[in-house]
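What follows is a short report on a single structure.
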Amino acid sequence: MLQDAVTDWATGGPPGPVRHLAEELRVDTAVLLEGLSDLAAVEALAVRHGRDLAAEGVWVVPMGGAMNVSRYARLLGPPGLGLRLTGLCDEREKGFYERGLTRSQAALTDLYVCSADLEDELVRALGAAEVVDIFRAEGELRAWQSFQRQPAQQGRPRQQQVRRFLGTKKGRKIRYGRLLVEALAPDRTPPPLDGLFANL
């Protein structure tokens, strides 16, 4: 409900419904994420930690791409609702986040950057072989093996192949964002995710 209200506001709708819901739900922090696969991973990690982020006043916001961060930071940060902002982003999108957070007077220290992207962080944390075991358990071993035989994949490191496979089918990144986090041992959480949760 809050996500729908802020999406409407971000596309020109009225701010009233968002303000009302934020006050009613006692939201004081917004976590700005690029998209739904990041949301799936963060929600799964919250469950692993036994945390109810919404009850803690933390709103996890998938923005539909890093280029939207300036708009969301302006609406939700000091110039708008006055929420504390934090975020998780890919290395190549860091500049968008830094500019958006700076313009909204939010702290850059609350930004957590994945070395390539979140999928890469998760694959490295688990190891490619373990991720392939998850593909097998999910009934996607044949699709994975067919993907590996493609000429473009020949000679590429297994980790890169696995990461690329995750993005080849709509919805796969979202599905595996949750599954890969669920497979993590407690001491293998990637540093950007670990840092984000330590600061919430």
Side-chain angles (χ1 to χ4, degrees), residues 1-122 125 173-174 177-178 181 189-200:
M1 186 182 296
L2 187 53
Q3 178 66 43
D4 292 339
V6 83
T7 299
D8 184 55
W9 185 21
T11 55
V18 178
R19 291 186 187 281
H20 173 73
L21 283 168
E23 289 172 8
E24 183 180 302
L25 299 171
R26 298 182 181 178
V27 176
D28 58 25
T29 300
V31 181
L32 303 180
L33 302 177
E34 292 182 44
L36 296 174
S37 61
D38 300 323
L39 175 65
V42 168
E43 289 180 337
L45 192 58
V47 170
R48 288 282 304 271
H49 282 271
R51 295 182 62 177
D52 182 343
L53 296 180
E56 296 174 27
V58 177
W59 178 34
V60 185
V61 186
M63 300 179 298
M67 288 183 289
N68 294 321
V69 70
S70 288
R71 178 184 305 135
Y72 278 86
R74 177 174 44 83
L75 296 177
L76 303 177
L81 292 183
L83 304 179
R84 172 182 165 249
L85 299 180
T86 185
L88 181 74
C89 69
D90 301 347
E91 176 66 40
R92 68 181 175 276
E93 313 298 358
K94 182 181 177 185
F96 289 112
Y97 270 72
E98 289 180 334
R99 287 189 293 275
L101 292 173
T102 298
R103 289 174 187 156
S104 70
Q105 304 156 27
L108 288 176
T109 54
D110 290 341
L111 177 61
Y112 300 90
V113 182
C114 299
S115 61
D117 55 25
L118 184 54
E119 290 76 26
D120 180 62
E121 294 277 0
L122 292 169
K173 276 189 177 184
I174 298 169
R178 176 182 58 80
V181 166
T189 303
L193 269 178
D194 199 38
L196 175 68
F197 270 77
N199 199 30
L200 290 178

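Just so it is clear, the structure is predicted and the values come from calculations on it, not from any experiment. All values below come from the heavy atoms of this structure, side chains included, with hydrogens, waters and symmetry mates left out.
Side chains of Arg74 and Arg103 form no contact here, defined as non-hydrogen atoms less than 4.5 Å apart. A 4.5 Å side-chain heavy-atom check between Pro62 and Gln3 finds at least one atom pair inside the cut-off. By the 4.5 Å heavy-atom criterion applied to side chains, Arg84 and Asp28 are not counted as neighbours. Side-chain contact between Trp59 and Leu21 is absent, with no heavy-atom pair separated by less than 4.5 Å. Proximity of Leu75 to Val18: side-chain heavy atoms (C-beta onward) are nowhere separated by under 4.5 Å. Taking the side chain as every heavy atom from C-beta outward, Val69 and Met63 approach each other to under 4.5 Å. Contact check for Asp120 versus Cys114: no side-chain heavy atoms found under the 4.5 Å cut-off. Between Val42 and Leu196 the shortest side-chain heavy-atom distance falls below 4.5 Å.
Between Pro17 and Pro14 the shortest heavy-atom distance is CD-O, 3.5 Å. Across all their heavy atoms, Pro190 and Ala125 have their closest contact at CG-CB, 4.0 Å. Shown here for Gly77 and Leu85, the closest heavy-atom pair between the two residues is CA-CD1, 3.7 Å. Scanning all heavy atoms of the two residues, the minimum distance from Ile174 to Ala40 falls at O-CB, 3.4 Å. Looking at every heavy atom in both residues, Arg19 comes nearest to Leu81 through CG-CD2, 3.4 Å. Between Ala116 and Arg92, the shortest heavy-atom contact is O-NH1, 3.9 Å.
The residue from Leu39, Val61, Leu200, Asp38 that alone fulfils the side-chain contact (heavy atoms from CB on, under 4.5 Å) condition with Val31 is Leu200. Each of Asn68, Asp117, Asp90 was checked for a side-chain contact (heavy atoms from CB on, under 4.5 Å) with Glu34, and the lone residue meeting it is Asp90.
The cationic atom of Arg99 (NZ for Lys, CZ for Arg) does not lie both less than 6.0 Å from the six-membered ring centre of Tyr97 and within 45° of the ring axis.
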Exercise. Could you walk me through whether Tyr112 and Asn199 pass the side chain to side chain contact (heavy atoms under 4.5 Å, CB included) test, one step at a time?
Key: CA-CA 10 Å; Tyr112 300 90; Asn199 199 30; 3.1 Å; yes
Exercise. Begin from the C-alpha positions of Val60 and Glu43 and carry the test side chain to side chain contact (heavy atoms under 4.5 Å, CB included) through to its verdict.
Key: CA-CA 8 Å; Val60 185; Glu43 289 180 337; 5.6 Å; no
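Although no hydrogens or angles enter the test, the distance criterion places no donor-acceptor pair under 3.5 Å between the side chain of Tyr72 and the main chain of Gly100. The backbone N or O of Glu56 sits nowhere less than 3.5 Å from a side-chain atom of Arg51 that would complete a donor-acceptor pair. At least one donor-acceptor pair under 3.5 Å links the side chain of Glu121 to the backbone N or O of Ser115.
One finds the CG atom of Leu122 at 7.0 Å from the CD atom of Glu119 (value rounded to the nearest 0.5 Å). Atom CG of Asp194 sits about 8.0 Å away from atom CG of Leu45, to the nearest 0.5 Å. Leu33 CG to Leu118 CG: the interatomic distance, rounded to the nearest 0.5 Å, is 9.0 Å. Between His49 atom NE2 and Leu193 atom CG the span is 8.5 Å, to the nearest 0.5 Å.
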